[in-house]
Amino acid sequence: MKDISTTIESNGKKYKLVFNLNVMELIQDEYGTIDKWGSLCEPGKTEDGKILEPNIKALKFGFLTMINEGIDIDNEKNGTSNSYLTAKQVGRLISDFGAENAVKAVNDTVIESSKNLEKNGSSTKSQ
């Protein structure tokens, strides 16, 4: 499986979001299924049209997991030892980047990775 990533920039620093099997495993361990996690990250609407915000904990978890996987891959490829981000650092990053932009970046990365998985005969849907 080819790793698909999206690069975001905040405060002049670039971060790579990766959605691969390692990330999927961690998300499933935490939320049960990728679909459940995804629905928590998506803003929604009530029956009367009130907009609901995304579940910040789920968004932060996915963002943290995806960024740290990107750091891990870069460290392996480049022989570097860059530190992983903490949940608090990711919270500040999302605050700076914007929750709406963070949701879009996560969704874009998941969609592109899912296309790659489907080409290889897999699916992101959990049983």
Side-chain angles (χ1 to χ4, degrees):
M1 176 179 140
K2 181 180 176 188
D3 290 331
I4 303 294
S5 65
T6 301
T7 302
I8 63 162
E9 188 171 337
S10 177
N11 288 324
K13 186 165 181 177
K14 292 183 180 184
Y15 300 90
K16 185 173 12 176
L17 297 174
V18 175
F19 187 78
N20 61 13
L21 290 175
N22 294 329
V23 172
M24 291 170 66
E25 177 185 14
L26 292 170
I27 289 171
Q28 284 178 335
D29 283 350
E30 186 72 18
Y31 291 95
T33 67
I34 303 297
D35 288 340
K36 182 176 178 185
W37 166 77
S39 67
L40 289 170
C41 291
E42 277 291 320
K45 288 186 179 181
T46 63
E47 289 181 17
D48 62 355
K50 181 180 176 185
I51 296 177
L52 300 172
E53 58 195 26
N55 180 298
I56 299 302
K57 182 177 179 180
L59 179 61
K60 276 178 62 175
F61 182 84
F63 220 70
L64 174 71
T65 305
M66 294 168 78
I67 286 175
N68 283 341
E69 180 69 3
I71 291 170
D72 197 37
I73 290 169
D74 285 346
N75 283 342
E76 285 180 11
K77 285 183 179 177
N78 302 322
T80 54
S81 57
N82 293 317
S83 299
Y84 298 124
L85 297 185
T86 66
K88 285 188 175 189
Q89 288 171 315
V90 167
R92 289 189 286 272
L93 175 63
I94 291 171
S95 293
D96 179 63
F97 191 62
E100 188 175 311
N101 291 331
V103 168
K104 182 177 179 347
V106 166
N107 283 342
D108 291 349
T109 307
V110 170
I111 289 167
E112 283 304 309
S113 295
S114 297
K115 287 178 188 175
N116 185 49
L117 282 171
E118 288 169 4
K119 287 179 189 174
N120 293 321
S122 300
S123 172
T124 59
K125 301 251 181 198
S126 298
Q127 305 301 336

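None of these values were measured; they are calculated from a predicted model.
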Exercise. What is the minimum heavy-atom distance between Val90 and Leu64, and which atoms define it?
Worked result: CG2-CD1, 3.5 Å
Seminar exercise, completed: Hits for side-chain contact (heavy atoms from CB on, under 4.5 Å) against Leu26, two or more places apart or cross-chain, chain-then-number order -> Phe61, Thr65
Problem set entry | Pairing residues for Thr80 by the side-chain contact (heavy atoms from CB on, under 4.5 Å) criterion, not counting sequence neighbours | Asn75, Asn78, Asn82
Exercise. Under the ring-ring contact (aromatic ring centres under 6.0 Å, His included) rule, what pairs show up with a residue in residues 81-109, not counting sequence neighbours?
Worked result: none
Problem set entry | Worked verdict on Asn22 versus Glu69 for side-chain contact (heavy atoms from CB on, under 4.5 Å) | CA-CA 8 Å; Asn22 294 329; Glu69 180 69 3; 2.9 Å; yes
Exercise. What's the verdict on side-chain contact (heavy atoms from CB on, under 4.5 Å) for Tyr15 and Leu93, showing C-alpha distance, side-chain angles and the deciding distance?
Worked result: CA-CA 10 Å; Tyr15 300 90; Leu93 175 63; 3.6 Å; yes
Seminar exercise, completed: Applying salt bridge (charged side-chain N to carboxylate O under 4.0 Å, His left out) to Lys60 and not counting sequence neighbours gives none
For this session: List for me each residue that meets side-chain contact (heavy atoms from CB on, under 4.5 Å) alongside Asp48, sequence neighbours excluded, and say none if there are none.
Result: Thr46, Lys50
Problem set entry | Atom of Leu17, atom of Ala105 and distance for their closest heavy-atom approach | CD1-CB, 3.7 Å
Problem set entry | Sequence-distant partners of Glu42, side-chain hydrogen bond (donor to acceptor under 3.5 Å, both in side chains), two or more places apart | Asn107
Problem set entry | NZ (Lys36) with more than 12 external heavy atoms under 6.0 Å | no
Problem set entry | Listed once per pair and sorted, the salt bridge (charged side-chain N to carboxylate O under 4.0 Å, His left out) pairs that draw on residues 97-107, sequence neighbours left out | Lys104-Asp108
Exercise. If you take all heavy atoms of Leu85 and Ile67, which pair is closest and at what distance?
Worked result: CD1-CG2, 3.6 Å
Exercise. How would you list, by chain and number, every residue that makes a side-chain hydrogen bond (donor to acceptor under 3.5 Å, both in side chains) with Asn55, sequence neighbours excluded?
Worked result: none
For this session: Sort and list the pairs that fulfil salt bridge (charged side-chain N to carboxylate O under 4.0 Å, His left out) and have at least one residue in residues 78-95, not counting sequence neighbours.
Result: none
For this session: For Ala58 and Leu40, work out which heavy atoms get closest and say how close.
Result: CB-CB, 3.8 Å
For this session: Taking all heavy atoms of Pro54 and all of Cys41, pick out the closest pair and write down the distance.
Result: CB-O, 2.9 Å
For this session: Answer yes or no: does atom CD1 of Ile51 have more than 12 heavy-atom neighbours from other residues, nucleotides or ligands under 6.0 Å?
Result: no
Exercise. Got a sec, which residues hit side-chain contact (heavy atoms from CB on, under 4.5 Å) with Asp96, two or more places apart in sequence or on another chain?
Worked result: Ser10, Asn11
Exercise. Partners of Asp72 by salt bridge (charged side-chain N to carboxylate O under 4.0 Å, His left out), sequence neighbours excluded?
Worked result: none
For this session: With Phe19 as reference, evaluate Val106, Thr6, Ile34, Ile111 under the side chain to side chain contact (heavy atoms under 4.5 Å, CB included) test and give the passing residue.
Result: Ile34
For this session: Answer yes or no: does atom CD of Glu53 have more than 12 heavy-atom neighbours from other residues, nucleotides or ligands under 6.0 Å?
Result: no
Exercise. Who pairs with Thr86 by side-chain hydrogen bond (donor to acceptor under 3.5 Å, both in side chains), at least two apart in sequence or on another chain?
Worked result: Gln89
